Number of protein chains: 4
Amino acid sequence: MSTSKQRLFEATLKLASDRGLAGLTVDDIAAEAGVAKGTVYYNFGSKDGLIDALLRYGLGQLAERLRAHADEPDPVTGLESLVDTGLAFAAEYRGFAQILVSEMWRTPGQWHETLGLLREQIVSIVKDQLQRVADAGRLPEGVQVPTAAAGLFGTLLVVALDWQVFQPHRSRAEVRDSVLLLLRGLAR
Amino acid sequence: MSTSKQRLFEATLKLASDRGLAGLTVDDIAAEAGVAKGTVYYNFGSKDGLIDALLRYGLGQLAERLRAHADEPDPVTGLESLVDTGLAFAAEYRGFAQILVSEMWRTPGQWHETLGLLREQIVSIVKDQLQRVADAGRLPEGVQVPTAAAGLFGTLLVVALDWQVFQPHRSRAEVRDSVLLLLRGLAR
Amino acid sequence: MSTSKQRLFEATLKLASDRGLAGLTVDDIAAEAGVAKGTVYYNFGSKDGLIDALLRYGLGQLAERLRAHADEPDPVTGLESLVDTGLAFAAEYRGFAQILVSEMWRTPGQWHETLGLLREQIVSIVKDQLQRVADAGRLPEGVQVPTAAAGLFGTLLVVALDWQVFQPHRSRAEVRDSVLLLLRGLAR
Amino acid sequence: MSTSKQRLFEATLKLASDRGLAGLTVDDIAAEAGVAKGTVYYNFGSKDGLIDALLRYGLGQLAERLRAHADEPDPVTGLESLVDTGLAFAAEYRGFAQILVSEMWRTPGQWHETLGLLREQIVSIVKDQLQRVADAGRLPEGVQVPTAAAGLFGTLLVVALDWQVFQPHRSRAEVRDSVLLLLRGLAR
DNA sequence: AATGAATGAGCATTCATTCAT
DNA sequence: AATGAATGAATGCTCATTCAT
C-alpha cells in the first residue's frame, strides 16, 4: 500500500476516535496525514471512498486476527480467545469500533453494502467457532448458532465501547473476564 | 405537549430511521412535520435542542415501560419480561434505537452528556432487576452486576437492530427466544 | 418577480458580458447582486437553475419585442423591423447574446433542452414573418421558409456579436443597414 | 507533427464535440489520447497552449481548403463552392465548429487574441471571393464587402451547427442548397 | 520524450441559524 | 405561536499544474 494511503488511514482512525465520522472533514484528515487535500481524491475518489477503503482494511485486519485462534484444540478455550482478541482490537482501534457501531445498523447508510459484506465475514468466523462449541455439546439446547454469532459480535463491540467510553477506569482484564463469565454461562 | 412539538418528534423519528441523525436537515424535519422551519427554532431553540428533547422523551418512554415489570415476583421471569419489552420497544421505534446506537458511544458527541445521563437511568433499571436475580442466587458466581447490566443493555440494542436490518425475515418471537436462551445460560 | 431574483438576473447578465458564462462564479454573481451566496440557492436551487431561469426570462423578453412588429401591414417592412429589433436587443443585452451563441449549439450542454425549446419559440416568430413575405410572393423560388428562419436567427445573432466584439467602431445603423441589404437581396 | 500531438488534437476534437471546451479536462483529453497527463504539458506547456495550437491547426486546415476554390473562373460559382466547402468542413469537424462558435465572440476569452487573428484570415478569404463577385457587378448596390464577408462567415458556422444539432435528419445537400439560395438572392 | 502521483487554490453546494413580519 | 426569505461559514470536490523519476 502506498505511503499516502497508509497515512490517510491512520489519520482517519485517529480523528474518528475523537470526533466520530460525521464531524470529520477532508481538510482535517489531510492535514493530520500531512498530505494535500487533493491526495485524498487522487487515491480514493471521494470521502466515502476513503471510509469504504478504511472499513475494508480495518475489518480485514480484525478478521485476520480472529482467524488466528481457529486451531485451538479446545473449542471453549478458542471461543474465549476469540473474545479476548476482539476486545484487544477494539481497545487498540477505538475509532474503528466507533465507526462500526455508528454505521453498521444504519439502514441505507452510505456504506451499508460494504458493512453488510464485512459483517458477514466476521460473523462467519464467530459462527464457526460457536459451531465447534455446539458440536462438542457445550451450548444450551435450543441456541441457534447463527443468531448467537450475530449477537455475540454486536455484544462484543458494544461492551468494548461501553468500557472505553463510560468505564475507562476498569482494566481490560476485568472486562474480558466479565464477558467470559457470561459466555461461560453457555457451557454446561 | 404542543401539537408542533409532537409532530416534530414524530417526523424526526421517521426520518432518522431512514437516514440516521447525521443526514437529517432541519428543512426536511420541518417539511415532514408540516410546519415551517422557524417553528423548530421557536420550540426548541436549535437542532441540538430538538434532538436532545427527543432523546429525553424517547428514553423516558422506554424507562417507563421497563419499570412496569419491576414487581414481577420471580426475578428471572422479570428479567425475561424486561428483555421482551426492550425488544418490542426497539422494533416499534427503530429510528430511536438507531439514534441511540449511533450516538451513545461517540466520545464528544453533541448529545454525549444527555445520553450519558439517560443511559445511566436505563442501565440502573436493568441493574436492579439483575441484582434481584443475583440475590436469589441465580447468577453464576463472579458476575459483576453493574458490568453485566451495561452489557445487557448494549446487547439488547444491538441484537434488536441486527434483527431489523440484517435479518428482517425472522419473527420477533424467534429473536426474543434466542436472547432469552442466552440469558437462561446465566441461571444455574 | 422578487427583488432578489431580479437583482441576480441583472448581475448575471452584467458579468456574463465581461467574462462569459464559463468564468462566472456564484460568489461573484451574488456579490454583484448585493445578496448572500445562499440566496442564489434559495431562489434557484443551483447555478444551473439560475442560468436556466435567466435564459427563459431573457428569451421571453426578446420574443415579446419581436412579436410587437407582427401587425406591420407590409410583410417586408415587418421583416426589416424584426431584424432591427433583434439587433437592438443584442446590443442592449450583449451578455445575453454571448450566452446564447456559446450554449445554443453545444450538443448535450447543460441547458440544451431549455435552449431548444426557447429557440423554437423565437424561430417560430421569424418563420411566421418570413411566411408572410413568401405569401406575398417576395421570396426567391425554392427557399424553404423553416430553414431560412433558422438561418436568419443564427445570422442575426452572429452578426450582432461580430459587430460588438470585432467592429465596435461601426454604428448600429450601419450594421442594421448591411443586414437589411442582404435581406433585400431576397426580395424580387 | 509528433504522434503525441496528433493524438491529443484528435482526442480534444472528439471530446469537444460532446461536451464543449469548458467541460473538458486535461485528464480526459490525455486518457482519450492514450497518453499520460504530463505529456500535454511536455508538448504544449498548458491546456491553453493545447487549445491554442489546436485552433491554429484546425483553422489552417480550413483556410487551405477554402483557398483551393480561389481560381474558379466564375466568381459566383466560386462563392458557392466556398460555401459548400465550409459546410463540409463543419460537418466533418463538428467539435471544431462548436469550439469556434462558443469562443469566437467571448470578449476577453482566453483564446480571444488567437481567434481574432485566425478569424481575420478566414474572413479575408471570403472577402476576396465576395470582392470578385462585386467586381463582376453581381452584388446588390450598397452592400459593403467587408461587412458581408464577416456576416457570411458567421452565418455559415451557425447554419452548419444548427443543421447538425437541431435538424440532423436533413441531408447535407439540402442545407447547402438552402444557403446557396439565400446567396443567390444577392446576385442580380 | 514521457510519466503519474501529488498539489492546493478555487468552486458549487449545504444547512443551521436569524429576524422582520 | 409561527413563518420563510435570507444568510454565510463550512465542506466536499475539481482540475490545471508541477516535478521527481
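Each chain gets a letter, A, B and so on, in the order the sequences are listed, and its residues count up from 1. Computed from a predicted structure; not experimentally measured.
Using a 4.0 Å heavy-atom criterion, one finds that V40(A) contacts no nucleic acid atom at all. Within the nucleic acid shown, S2(D) has no heavy atom closer than 4.0 Å to any nucleic acid atom. Contacts of I29(C) with the nucleic acid, taken as non-hydrogen atoms under 4.0 Å apart, are absent. Nucleic acid contact class of T25(A) (heavy atoms, under 4.0 Å, all strands): sugar-phosphate only. Across all strands shown, L50(D) has no heavy atoms under 4.0 Å from either base or sugar-phosphate atoms.
Nearest nucleotide to the S46(C) side chain, out of dG4(E), dT17(E), dT13(E): dT13(E). Side-chain proximity of Y41(D) to the nucleotides dT17(F), dA6(E), dA2(E) is greatest for dT17(F).
Of all non-hydrogen atoms in S46(C) and V40(C), the two that sit nearest each other are O-CG1, 4.5 Å. Heavy-atom minimum distance, L8(C) versus L50(C): CB-CD1, 4.3 Å.
Between Y42(D) and V26(B), it is Y42(D) whose nearest contact on DNA chain E lies nearer the 5' terminus. Comparing G34(D) and N43(A) against DNA chain E, the residue whose closest nucleotide sits nearer the 5' end is G34(D). Residues V35(B) and D27(D) each lie close to DNA chain F; by heavy-atom proximity, the contact nearer the 5' end of the strand is made by V35(B). The 5' end of DNA chain F is approached more closely, in terms of each residue's nearest nucleotide, by K37(A) than by the other of K37(A) and K47(D).
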Item to complete: For DNA chain E, just give me the dot-bracket, please: Watson-Crick or G-U, both distances below 3.5 Å, ( ) intra-strand, [ ] crossing earlier pairs, | paired with another strand, . unpaired.
Response: .||||||||||||||||||||

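Taking the six-membered ring for Trp, F9(B) and F44(B) have ring centres closer than 6.0 Å.
N43(A) has its side chain within reach of T39(A): a pair of non-hydrogen atoms, C-beta onward, lies under 4.5 Å apart.
Partners of S102(D) by side chain to side chain contact (heavy atoms under 4.5 Å, CB included), not counting sequence neighbours, listed by chain and number: R106(C).
For residues 37-49 of chain C, every residue pair satisfying the salt bridge (Lys or Arg N to Asp or Glu O under 4.0 Å) rule, not counting sequence neighbours, is listed here: D27(C)-K37(C).
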